[in-house]
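Below is one structure; the comments refer to it alone.
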Amino acid sequence: MGVVRIKISFEIDANGILNVSAEKITTGVRRQMTITNDKARLSAEEIERIVQDAKRFKAENDDHRKKIKAKEALENFAYIMRTTINDEKIGSKLDPAFKQRIEDAIEEAIQWLDDLQLVDSQLYHDKLKWLESICSPINISGKQ
């Protein structure tokens, strides 16, 4: 009696379907079976829920990104203005009362930032406009 030789192949497609085939080499008889895992598949409702969650999370991420950018803009402006008025070339040309007003406003803005958790981006924009309005008389040459 001879040895039966069988060629077996397994193939998994992109959908997770397993195709198994066996062929008896001596006779060429071939059998094939497909195995699916229907239990692991998502229903249309589950897919729709996942898509909606993804859209919501994207919107939340976009909102968070706006808040961070607005906060950074205010922080950057405050620190740049602090450096500007402390520069001898510029600070020495400023009226002492005006310089003090700007220093106070900068410190108030920085303290405001330190005391907050992340807030609506509009609040940061409003605070930035307020600080810019106080600091606006300072131009590039440092004259008021």
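Scope of the values below: all heavy atoms of this structure, side chains included, with no hydrogens, waters or symmetry mates. Predicted model only: the values in this text are computed from it and were never measured.
Shown here are the salt bridge (charged side-chain N to carboxylate O under 4.0 Å, His left out) partners of Glu107, two or more places apart in sequence or in another chain: Arg82. Take Lys7 and apply the side-chain contact (heavy atoms from CB on, under 4.5 Å) test, not counting sequence neighbours, and it matches Ile25. Not a single side-chain hydrogen bond (donor to acceptor under 3.5 Å, both in side chains) links Lys55 to another residue, sequence neighbours left out. With sequence neighbours excluded, the residues satisfying salt bridge (charged side-chain N to carboxylate O under 4.0 Å, His left out) with Glu23 are Arg30. For Arg101, the side-chain contact (heavy atoms from CB on, under 4.5 Å) partners two or more places apart in sequence, or in a different chain, are Ile134. Residues satisfying the salt bridge (charged side-chain N to carboxylate O under 4.0 Å, His left out) test with Asp62, not counting sequence neighbours, are Lys58, Arg65. The side-chain hydrogen bond (donor to acceptor under 3.5 Å, both in side chains) test applied to Glu60 returns no partner, not counting sequence neighbours. For Ile80, the side-chain contact (heavy atoms from CB on, under 4.5 Å) partners are Thr84, not counting sequence neighbours. Legend: residues meeting side-chain contact (heavy atoms from CB on, under 4.5 Å) with Asp53, ordered by chain and number and at least two apart, are Arg49, Arg56, Phe57. Partners of Lys67 according to the salt bridge (charged side-chain N to carboxylate O under 4.0 Å, His left out) rule, which considers only residues two or more places apart in sequence or in another chain, are Asp63. Scored by the side-chain hydrogen bond (donor to acceptor under 3.5 Å, both in side chains) test, Glu132 finds no partners at all (sequence neighbours excluded).
Here the CG-CD distance, from Asp104 to Gln111, works out to 13.0 Å after rounding to the nearest 0.5 Å. Taking CG of Leu123 as the start and CH2 of Trp112 as the end, the distance is 5.5 Å to the nearest 0.5 Å. Taken from OH in Tyr124 to CD1 in Ile68, the straight-line distance is 7.0 Å, to the nearest 0.5 Å. Met81 contributes atom CE, which lies 10.5 Å from atom CG of Asn86 (distance to the nearest 0.5 angstrom).
Closest of all the heavy-atom pairs between Ser9 and Ser21 is OG-OG, 2.6 Å. Across every non-hydrogen atom of Leu18 and Val20, the tightest pair is CG-CG2, 3.8 Å. Heavy atoms only, all atoms of each residue included: Lys99 and Gly91 are closest at CD-O, 3.9 Å. Contact record, Ile102 with Cys135: CG2-SG, 3.7 Å, taken as the closest heavy-atom pair. Here the closest heavy-atom approach between residue Leu131 and residue Ile106 is recorded as CD1-N, 3.9 Å.
Looking only at side-chain heavy atoms (C-beta outward), Phe98 and Ile85 stay at 4.5 Å or farther from each other. Between Val119 and Lys71, the closest side-chain pair of non-hydrogen atoms is not below 4.5 Å.
One hydrophobic cluster, built from ILVMFWY side chains closer than 4.5 Å, holds both Met33 and Ile12.
Residue pairs meeting the salt bridge (charged side-chain N to carboxylate O under 4.0 Å, His left out) criterion with at least one member in residues 108-117, sequence neighbours excluded, are Glu108-Lys127.
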